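In what follows, chains carry the letters A, B, and so on, assigned in the order in which the sequence lines appear, proteins first and then strands, with residues in each chain numbered from 1. As the structure is a computational prediction, the values presented were derived from the model and not from experiment.
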Number of protein chains: 2
Amino acid sequence: MSDDQNQEPSSQSRLTYAPAGEQPDDLELDTLVREIIGRVADKWTMLALETLTEHGPLRFTRLGELIGGVSQKMLTKTLRQMEADGLVTRTVFPVIPPRVEYRLTELGLSLSEAFCGVWIWAEQHRTTIAQARQTFQERRAASDA
Amino acid sequence: MSDDQNQEPSSQSRLTYAPAGEQPDDLELDTLVREIIGRVADKWTMLALETLTEHGPLRFTRLGELIGGVSQKMLTKTLRQMEADGLVTRTVFPVIPPRVEYRLTELGLSLSEAFCGVWIWAEQHRTTIAQARQTFQERRAASDA
DNA sequence: TGCGCCAGGTACCCAAAGGAGAGTAACGTG
DNA sequence: CACGTTACTCTCCTTTGGGTACCTGGCGCA
C-alpha cells in the first residue's frame with residue numbers, strides 16, 4: 001500500500017477522526033447532507049413540524065402551547081430557522097394585537113412525511129427500548145459489584 | 001370545556017408554554033416518545049447508525065474514521081448510549097491490542113430503516129433548501145436596508 | 001391613565017455539548 | 001527498554017443550548 005495519500009504526519013495527535021478518503025464531490029455532497037441532517041434532526045424542529053402537520057397553520061402562542069415545554073426564545077429561534085430553510089412560511093397580519101401565522105410549506109410537509117417513519121418506530125419500540133435500558137443498567141450494576 | 005384544570009393564575013409570567021390539556025395517559029406516552037426521539041434524533045447517533053448500516057460491523061477507530069469529524073469522546077458517548085438503548089452490541093475481544101466490535105441489533109437496523117426516508121429527503125431536497133436559504137438571506141438583507 | 005393583549009427582542013445566566021490533549025493498560029517488536 | 005498499538009478515560013477549555021425575566025408597540029377597555 002502506498003501511503004502518499006495519507007497526509008497525517010504522525011498517526012497520533014489526531015483525536016478527531018478526519019473523514020476517510022472519498023471522492024471530493026461525494027464528500028461535498030455528504031457534507032451538505034450532514035449539515036442539513038444536523039439542522040432538521042433537532043428536537044424543537046421535529047416537534048414543531050409534527051404539531052403543524054397535525055393541527056394545520058397555527059399562530060405563535062398556540063403553537064407554543066401545543067408543542068409544550070418550549071420557551072418563547074427557542075420557539076422563535078426554531079421557527080426562524082425553519083423559515084430560513086423553507087420549511088414554513090411566516091405570515092404577519094397587520095392588525096392589533098399582532099397576528100402571525102405559521103404554515104408548513106410543501107418542503108416542510110415532505111420532511112414531516114419522511115420523519116413519520118421515525119415517530120412510528122419510536123411508538124412501536126418504546127417498550128423494547130425501555131427493556132433494553134433496564135437490562136443495560138442491571139448488567140452495569142452487576143459488573144460494578 | 002371546564003377550565004378547572006387550568007391552574008395558571010395570571011396568563012402572563014409563564015414564558016415557557018406548558019403542554020396544552022391532554023388525557024394523562026396520552027401525555028405519558030407522548031412524553032416517552034418525545035424522550036426517545038430526543039435521543040435517537042441526534043447527529044452522531046444518526047451518522048453512526050447509517051455508517052454501521054452501510055459497512056456492517058466495525059471496530060471503534062474504523063467507525064470513527066468512516067463517520068468523520070467525530071471526536072473519540074463523542075464517539076464513545078454515542079456508542080454507549082446506543083448500546084444502552086439496545087441499538088448496537090459491543091463485543092470486546094480479549095486480545096492485545098484490544099479489539100472492540102460494534103454491530104447493529106435488529107432494533108438498530110429497524111431504526112436505520114425508519115431514518116432512511118429522512119436521508120433520502122435530505123439528498124433530494126438539498127438544492128431546494130440551499131435556494132431557500134439564499135432567498136431568505138437576500139430578503140433579510142433587503143429589509144435591513 | 002393605566003393595564004392587558006400578542007409576538008416577539010434583548011440581556012443575563014447556567015448547564016450541557018463537544019473539542020484538544022494527555023494518560024493508561026498490556027503486550028509485541030526493534 | 002523504549003516505542004507502537006487500540007480503545008478508551010480524564011481533565012481543561014470554549015461554544016452552544018436553553019431558561020428567566022424585562023422591554024416594546026398600538027389599541028380597546030375600565
Within this structure, what is the CD1-to-C1' distance between A:I67 and D:dG19, rounded to whole angstrom? 16 Å
If you round to the nearest 0.5 Å, how far is CG of A:L49 from CG of A:L104? 5.5 Å
In whole angstrom, what separates A:R99's CZ from D:dC27's C1'? 17 Å
Counting side-chain heavy atoms from CB outward, which of D:dA7, C:dA7, C:dG19 is closest to A:V100? C:dA7
Tell me whether the OP1 or OP2 atom of C:dA20 has a side-chain N or O from B:S71 closer than 4.0 Å. no
Check each residue of residues 74-93 of chain A for a non-hydrogen atom within less than 4.0 Å of any atom in DNA chain D, then write out the ones that pass by number, or none. A:M74, A:K77
In terms of side-chain heavy atoms of B:P98, which of D:dG26, C:dC27, D:dT6 is nearest? D:dT6
Please tell me whether A:S71 and B:T16 have a donor and an acceptor in their side chains that are separated by less than 3.5 angstrom. no
N/O donor-acceptor pair under 3.5 Å between B:S112 side chain and B:G108 backbone: no
Would you say A:L66 and A:H55 make side-chain contact, with heavy atoms under 4.5 Å? yes
When rounded to whole Å, the CZ to P distance for the pair B:R62 and D:dC8 reads 17 Å
If the cut-off is 4.0 Å, is B:R59 near the phosphate of D:dT6, judged by side-chain N/O to OP1 or OP2? no
Select one nucleotide: of C:dG19, D:dC8, D:dT20, the one nearest the side-chain heavy atoms of B:F60. D:dC8
Interatomic distance where CD1 belongs to B:I96 and P belongs to C:dC27 [whole Å]: 6 Å
Nearest listed nucleotide, side chain of A:W44, among C:dA20, D:dG19, C:dG18: D:dG19
Show the numbers, then the answer: is there a side chain to side chain contact (heavy atoms under 4.5 Å, CB included) between B:F115 and B:E50? CA-CA 9 Å; B:F115 263 128; B:E50 202 234 3; over 6 Å; no
From NZ of A:K43 across to C1' of C:dA16 the rounded distance in Å is 12 Å
If you check the B:Q72 side chain, which of D:dG19, D:dT9, C:dG19 turns out closest? D:dT9
OP1 or OP2 of D:dC8 versus the side-chain N and O atoms of B:Y102: is any pair under 4.0 Å? yes
Grab the CD-P distance between B:E101 and D:dA7 for me, whole Å please. 11 Å
From the candidates C:dG18, D:dT20, D:dC27, the one with an atom nearest any side-chain atom of A:K73 is D:dT20
Flag the pair B:E35 and A:R133 as a salt bridge only when some basic side-chain nitrogen lies within less than 4.0 angstrom of an acidic carboxylate oxygen. yes
Return the value, rounded to whole Å, for the distance between atom CG of A:D42 and atom P of D:dG17. 8 Å
If you measure from the Lys or Arg side-chain nitrogens to the Asp or Glu carboxylate oxygens, is any gap between B:R103 and B:E101 under 4.0 Å? yes
